[in-house]
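What follows is one structure encoded as C-alpha cells, with my remarks underneath.
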Amino acid sequence: MPWIEGRIISGEYDKEMNVFTIQKLKQFFVESVLQPYQLQHLSDYLKNHQNEKEGQILILYDQMPVKLSQEEIKQFIADLDEIQSHCKGFS
C-alpha cells in the first residue's frame with residue numbers, strides 16, 4: 001500500500017479496497033478509514049470555508065478538537081487533492 005505523506009495528513013492508500021487510512025493528522029496519530037466520497041465531501045467543505053479568518057476545528061474521536069488555521073486548511077486541501085489523485089471512483 002502506498003504511503004502518502006502530506007503536510008497536514010498522512011496515511012496509506014489501499015488500492016484494492018479503494019480507501020485511504022489517515023494515520024496522522026497534524027501531530028496526532030489517528031486511525032480513520034475514508035471512502036472516496038468521504039474524501040470528496042471533506043475537500044468540498046474545506047474549499048467552501050478556506051477563507052474564514054477563524055479557520056476550522058476538526059473533532060477527533062468525537063471528543064478532541066483540533067484547530068486548523070487558514071494556511072493549514074489550504075495545506076489540508078492540497079493533501080486531499082494528492083490523495084484523490086491516487087483514488088479511483090471520483091467523478
Side-chain angles (χ1 to χ4, degrees):
M1 286 188 271
W3 178 262
I4 300 172
E5 182 76 35
R7 293 168 75 181
I8 300 295
I9 58 174
S10 301
E12 289 183 322
Y13 172 62
D14 183 333
K15 191 174 189 175
E16 186 175 306
M17 298 295 293
N18 194 34
V19 295
F20 180 75
T21 302
I22 298 175
Q23 295 183 346
K24 188 175 178 189
L25 188 136
K26 288 181 80 169
Q27 72 272 19
F28 302 104
F29 292 98
V30 297
E31 183 85 16
S32 186
V33 178
L34 299 176
Q35 300 288 330
Y37 75 91
Q38 292 170 308
L39 290 169
Q40 186 63 53
H41 287 296
L42 182 56
S43 178
D44 291 345
Y45 177 85
L46 291 173
K47 286 175 182 175
N48 286 332
H49 296 278
Q50 67 183 324
N51 294 321
E52 292 179 8
K53 292 180 184 178
E54 311 82 34
Q56 292 292 311
I57 296 177
L58 296 176
I59 306 295
L60 300 179
Y61 303 117
D62 292 328
Q63 59 187 343
M64 189 169 75
V66 177
K67 179 132 174 70
L68 295 174
S69 68
Q70 275 186 312
E71 183 58 34
E72 288 171 326
I73 291 169
K74 290 176 183 172
Q75 292 169 355
F76 200 147
I77 292 168
D79 291 350
L80 290 171
D81 288 345
E82 174 67 19
I83 293 163
Q84 290 175 337
S85 73
H86 292 278
C87 296
K88 56 186 175 186
F90 290 99
S91 50

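Keep in mind that this is a model prediction, so the values were computed, not measured.
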List the residues meeting side chain to side chain contact (heavy atoms under 4.5 Å, CB included) with Gln70, not counting sequence neighbours, and say none if there are none.
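In terms of side chain to side chain contact (heavy atoms under 4.5 Å, CB included), with neighbours along the sequence ignored, Gln70 is linked to Asn51.
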Under the side chain to side chain contact (heavy atoms under 4.5 Å, CB included) rule, collect the residues that match up with Gln63, sequence neighbours excluded.
Tyr61
Holding to side-chain hydrogen bond (donor to acceptor under 3.5 Å, both in side chains), I want the full list of residues that pass it with [X], two or more places apart in sequence or in another chain.
X     : result
Glu82 : His86
Asp14 : none
Ser10 : Glu5
Gln56 : Tyr45, Glu52

For Asp81, which residues count as a salt bridge (charged side-chain N to carboxylate O under 4.0 Å, His left out) partner, sequence neighbours excluded?
Lys47
side-chain contact (heavy atoms from CB on, under 4.5 Å) between Tyr13 and Asn18, worked out:
CA-CA 7 Å; Tyr13 172 62; Asn18 194 34; 2.6 Å; yes
Any side-chain heavy-atom pair of Gln38 and Phe20 under 4.5 Å
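In short, these two side chains do not touch, never coming nearer than 4.5 Å.
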Side-chain heavy atoms under 4.5 Å apart, restricted to Ile/Leu/Val/Met/Phe/Trp/Tyr: what other residues fall into the cluster of Ile57, or is it alone?
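Noted: Ile57 shares its cluster with Ile59.
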Co-members of the apolar cluster containing Phe29 [side chain, <4.5 Å]:
none
I'd like a table of donor-acceptor pairs (distance under 3.5 Å, sequence neighbours excluded) in which one partner is a side-chain atom from residues 71-80, with atom names and distances.
unit_1: Glu72; atom_1: OE1; unit_2: Lys26; atom_2: NZ; d: 3.3
unit_1: Glu72; atom_1: OE1; unit_2: Ser69; atom_2: N; d: 2.8
unit_1: Glu72; atom_1: OE1; unit_2: Ser69; atom_2: OG; d: 3.4
unit_1: Glu72; atom_1: OE2; unit_2: Lys26; atom_2: NZ; d: 3.1
unit_1: Asp79; atom_1: OD1; unit_2: Arg7; atom_2: N; d: 3.0
unit_1: Asp79; atom_1: OD2; unit_2: Arg7; atom_2: N; d: 3.0
unit_1: Asp79; atom_1: OD2; unit_2: Ile8; atom_2: N; d: 2.6
unit_1: Asp79; atom_1: OD2; unit_2: Ile9; atom_2: N; d: 3.0

Distance check, rounded to the nearest 0.5 Å: Leu34 atom CG versus His41 atom NE2?
11.5 Å
Check the hydrophobic clustering (I, L, V, M, F, W, Y; side-chain heavy atoms under 4.5 Å; chains of links allowed) and say if Met64 and Leu42 are grouped together.
yes
Closest heavy-atom pair and its distance - Val30, Lys24
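In this case the closest contact between Val30 and Lys24 is CG2-N, 4.0 Å.
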